[in-house]
Amino acid sequence: MNSQETLNAIALTRLNYFNLSGLVQLYQLMGSATEVVQHRHKVRDIIPHASDRLVEALKGMDEHLRRAEAEMAYNQEHGIQTICLNDDNYPQRLKECDDAPLVLFYKGNAPLNQERAINIIGTRHCTTYGIDLIRRFVQDLKTLCPQVLIISGLAYGVDINAHRQALLNGYPTVGVLAHGLDTLYPSLHRQTAEEMLHQGGLITEFLTQTNADKMNFVRRNRIVAGMSDACIVVESAARGGGLITAGIAQSYHRDVFAFPGAVGAKCSEGCNQLIRDNKASLITSAADFVKAMGWEEDALRQQARSKGIDRQLFPMLSPQEQQVVDVLQQYNDVPINVLTVKTNIPIATLTSLLFQLEMKGVVKMLAGGVYHLLH
């Protein structure tokens with residue numbers, strides 16, 4: 001992604017005077033942020049029904065472009081990636097959502113398009129029961145599915161316990177923030193956040209100097225939901241952010257699960273309601289979850305590894321197939337256009353090689369033409 005396109009995409013995110021999905025629609029119709037900015041005075045030639053507020057907002061782009069320049073300079077100085085909607089490393093699951101952010105700001109080392117991704121969410125007032133559920137769930141899931149990206153919101157309670165258990169069990173974990181990457185809320189979680197930068201990361205749609213306002217937490221919930229294959233609610237009161245995230249996940253056609261709690265227990269009222277109203281599937285363990293998701297193949301591969309069955313028992317690979325595998329071993333979750341550059345294999349030949357490797361059970365294609373090496 002060139003710097004001018006990135007600059008324009010950041011500037012467009014500042015236009016929050018109209019519905020976010022409308023902005024994404026405009027971006028997708030015109031193909032790039034640069035096209036939107038260049039034709040900002042002729043929006044109605046492209047979208048005749050564009051709102052007056054949208055038209056007026058686009059006329060005032062100069063100020064937003066200056067702000068975007070400052071943001072890019074800050075990001076470059078602090079090692080923050082700016083990921084635009086059309087970038088290959090943009091979370092492909094989130095890209096499927098109508099209200100996906102045009103730009104994400106990311107600091108960390110975990111690929112955002114891993115084969116498995118879940119969010120673990122719930123109340124900020126987590127009980128001992130909830131903490132124990134998270135500990136056992138993540139620990140057992142690691143045995144059954146060793147490669148899962150765990151996503152949450154770095155908030156008090158369920159969120160921070162999910163991140164900490166992911167770190168303890170060797171899982172990459174990403175925290176979705178409700179503010180810019182120049183600050184951290186709550187500051188009490190700074191040590192965990194710093195650990196996550198080396199085993200996961202922090203991500204946000206918000207520019208620097210953005211306060212952690214109440215509405216920002218609601219907006220960030222859609223990113224938590226959209227980046228994941230499944231949403232797991234551990235504990236929740238009758239009302240709360242966890243239920244909002246679960247509702248968004250359901251609207252995105254994601255699988256939603258909830259742990260049941262004692263009748264009358266305040267921190268379990270929301271979970272019990274979700275289960276009662278068929279808005280979430282009941283789970284009591286990681287095994288329940290893996291079975292419901294159809295991820296048993298991960299468990300079988302893990303069992304095979306524990307018995308000493310490794311890649312040497314895979315079918316013999318040709319030199320070119322081995323070349324592709326070597327690149328995936330080094331980087332993994334690589335788009336095909338990047339693979340062709342790193343292997344120096346023509347795209348037509350590479351497509352055939354990847355198909356053969358899929359047939360041999362060595363690689364798997366993820367959303368967006370991203371290839372994942374099966375371990």
Side-chain angles (χ1 to χ4, degrees), residues 1-2 81 83-96 106 108-118 141-151 166 169-174 198-201 227-230 290-291 293-375:
M1 185 68 65
N2 65 59
Q81 300 177 48
I83 307 174
C84 299
L85 189 62
N86 283 341
D87 288 352
D88 291 330
N89 56 339
Y90 190 95
Q92 296 300 315
R93 297 170 178 88
L94 181 60
K95 193 172 183 177
E96 299 167 359
Y106 178 54
N109 63 1
L112 301 174
N113 288 299
Q114 300 198 30
E115 184 179 8
R116 313 292 192 206
I118 65 171
L141 186 66
K142 182 64 177 180
T143 302
L144 297 170
C145 296
Q147 295 186 18
V148 177
L149 176 64
I150 294 182
I151 300 161
N169 286 278
Y171 272 138
T173 181
V174 169
H198 304 286
Q199 190 179 313
M227 285 181 63
S228 311
D229 296 311
V290 169
K291 183 177 181 181
M293 291 297 293
W295 290 358
E296 294 95 334
E297 64 184 71
D298 291 23
L300 291 173
R301 284 202 300 268
Q302 180 67 4
Q303 289 173 10
R305 281 199 300 276
S306 67
K307 294 177 181 177
I309 302 172
D310 59 23
R311 191 175 299 282
Q312 292 177 353
L313 296 184
F314 280 178
M316 291 295 291
L317 303 180
S318 70
Q320 282 191 316
E321 287 174 338
Q322 187 62 54
Q323 188 179 354
V324 174
V325 168
D326 290 344
V327 170
L328 289 174
Q329 282 180 326
Q330 185 176 357
Y331 300 100
N332 215 357
D333 296 341
V334 180
I336 189 170
N337 59 327
V338 177
L339 264 178
T340 191
V341 172
K342 292 190 178 296
T343 60
N344 200 28
I345 298 174
I347 193 78
T349 304
L350 182 60
T351 302
S352 176
L353 288 170
L354 288 166
F355 176 75
Q356 293 300 324
L357 288 169
E358 280 194 90
M359 294 301 98
K360 293 178 179 180
V362 179
V363 304
K364 178 178 181 179
M365 186 174 74
L366 307 179
V370 173
Y371 282 86
H372 176 81
L373 186 66
L374 297 173
H375 297 285

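As a basis for the values below, the full set of heavy atoms in this structure was taken, side chains included, without hydrogen atoms, waters or symmetry mates.
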Colleague: Any donor and acceptor pair, going by atom type alone, linking the side chain of Gln323 with main-chain N or O of Thr343 inside 3.5 Å?
Modeller: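 Yes, the answer is positive, given that a donor and an acceptor are paired below the 3.5 Å cut-off.
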Colleague: Under a plain distance cut-off of 3.5 Å, with no hydrogens placed, do Asn89 and Asn113 share a side-chain donor-acceptor pair?
Modeller: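 Judged by distance alone, the side chains do not pair up.
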Colleague: Examine the side chains of Gln330 and Asp326 and answer whether a donor and an acceptor come within less than 3.5 Å of each other.
Modeller: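 There is no such pair (donor and acceptor under 3.5 Å, judged by atom type) between the side chains of Gln330 and Asp326.
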Colleague: Find out whether Ile83 and Leu112 are in side-chain contact, i.e. whether some heavy atom of one side chain is under 4.5 Å from a heavy atom of the other.
Modeller: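 When only atoms from C-beta onward are counted, Leu112 and Ile83 do touch, with a gap below 4.5 Å.
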Colleague: Where is the tightest heavy-atom contact between Pro346 and Thr340, given as atom of each residue plus distance?
Modeller: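 Taking every non-hydrogen atom into account, C-OG1, 3.8 Å.
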Colleague: As an exercise, state the distance from CG of Leu350 to CG of Asn337, rounded to the nearest 0.5 Å.
Modeller: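 Nearest 0.5 Å value for the CG-CG distance: 10.0 Å.
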Colleague: Could you check whether any side-chain heavy atom of Met293 comes within less than 4.5 Å of a side-chain heavy atom of Asp229, counting everything from C-beta outward?
Modeller: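 Contact flag for Met293/Asp229 side chains = yes.
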Colleague: How long is the span from the OG atom in Ser318 to the CG atom in Leu357, to the nearest 0.5 Å?
Modeller: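 The distance works out to 7.5 Å.
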Colleague: Identify the two heavy atoms, one from Val290 and one from Cys145, that lie closest to each other, and give their separation to 0.1 Å.
Modeller: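 The answer is CG2-SG, 3.8 Å.
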Colleague: Among residues at least two apart in sequence or on other chains, which ones pass salt bridge (Lys or Arg N to Asp or Glu O under 4.0 Å) with Asp333?
Modeller: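 Expected list: none.
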Colleague: Can you find a heavy atom in the side chain of Gln320 that is under 4.5 Å from one in the side chain of Ile345?
Modeller: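 Yes, at least one pair of side-chain atoms sits under 4.5 Å.
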Colleague: Would you say the side chain of Ile118 lies within less than 4.5 Å of the side chain of Leu141, judging by non-hydrogen atoms?
Modeller: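 They are in contact (side-chain heavy atoms under 4.5 Å apart), so the answer is yes.
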Colleague: Can you find a pair of side-chain heavy atoms, one from Val325 and one from Leu317, that are under 4.5 Å apart?
Modeller: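 The answer is yes, as the side chains (C-beta and beyond) meet within the 4.5 Å cut-off.
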Colleague: For a quick test of reading the model, state the closest non-hydrogen atom pair linking Leu373 to Val362 and the distance between them.
Modeller: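 Reported closest heavy-atom pair: CD1-O, 3.5 Å.
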Colleague: For Leu85 and Lys95, what are the C-alpha separation, side-chain angles and deciding distance, and is it a side chain to side chain contact (heavy atoms under 4.5 Å, CB included)?
Modeller: CA-CA 7 Å; Leu85 189 62; Lys95 193 172 183 177; 4.0 Å; yes
Colleague: With sequence neighbours left out, what residues match Asn109 under side-chain hydrogen bond (donor to acceptor under 3.5 Å, both in side chains)?
Modeller: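 So Asn109 forms no side-chain hydrogen bond (donor to acceptor under 3.5 Å, both in side chains) with any residue.
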Colleague: To the nearest 0.5 angstrom, please state how far the CZ atom of Arg116 sits from the OG atom of Ser228.
Modeller: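 The CZ atom of Arg116 sits 13.5 Å away from the OG atom of Ser228.
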Colleague: Residues in side-chain hydrogen bond (donor to acceptor under 3.5 Å, both in side chains) with Asn169, at least two apart?
Modeller: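 Scan of Asn169 (side-chain hydrogen bond (donor to acceptor under 3.5 Å, both in side chains), adjacent residues dropped) gives none.
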Colleague: Would Val363 and Leu328 satisfy side chain to side chain contact (heavy atoms under 4.5 Å, CB included), going step by step from the backbone distance to the final call?
Modeller: CA-CA 9 Å; Val363 304; Leu328 289 174; 3.6 Å; yes
Colleague: With side chains defined as the heavy atoms from C-beta onward, is the minimum distance between Met227 and Arg93 less than 4.5 Å?
Modeller: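 The answer is no; the side chains never approach within 4.5 Å.
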Colleague: Decide yes or no for Gln147 and His372: does some side-chain heavy atom of the first lie under 4.5 Å from some side-chain heavy atom of the second?
Modeller: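 Yes, side chains in contact.
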Colleague: Supply the atom-to-atom distance Ser352 OG to Ile347 CD1, rounded to the nearest 0.5 angstrom.
Modeller: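 Rounded to the nearest 0.5 Å, the OG-CD1 separation comes to 12.0 Å.
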Colleague: Any chance you could measure Tyr371, atom OH, to Met365, atom CE, to the nearest 0.5 Å?
Modeller: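 That separation rounds to 5.0 Å.
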Colleague: Check Val148 against Pro172 and note the closest heavy-atom contact, atom names and distance.
Modeller: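 Scanning both residues, the minimum pair turns out to be O-CD, 3.5 Å.
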Colleague: Step by step, work out the side chain to side chain contact (heavy atoms under 4.5 Å, CB included) result for Leu339 and Leu354.
Modeller: CA-CA 10 Å; Leu339 264 178; Leu354 288 166; 4.0 Å; yes
Colleague: Please report the interatomic distance OG1(Thr173) to CG(Leu149), rounded to the nearest 0.5 Å.
Modeller: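 Going from OG1 on Thr173 over to CG on Leu149, the span is 7.0 Å.
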Colleague: Is the closest side-chain heavy-atom distance between Leu366 and Gln92 below 4.5 Å?
Modeller: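 They are not in side-chain contact.
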Colleague: Going by an N to O cut-off under 4.0 Å, is there a salt bridge joining Glu115 and Lys364?
Modeller: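 Yes.
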Colleague: Which pair of heavy atoms, one from Gln114 and one from Ala110, lies closest together, and at what distance?
Modeller: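 Of all heavy-atom pairs spanning Gln114 and Ala110, the closest is NE2-CB, 4.1 Å.
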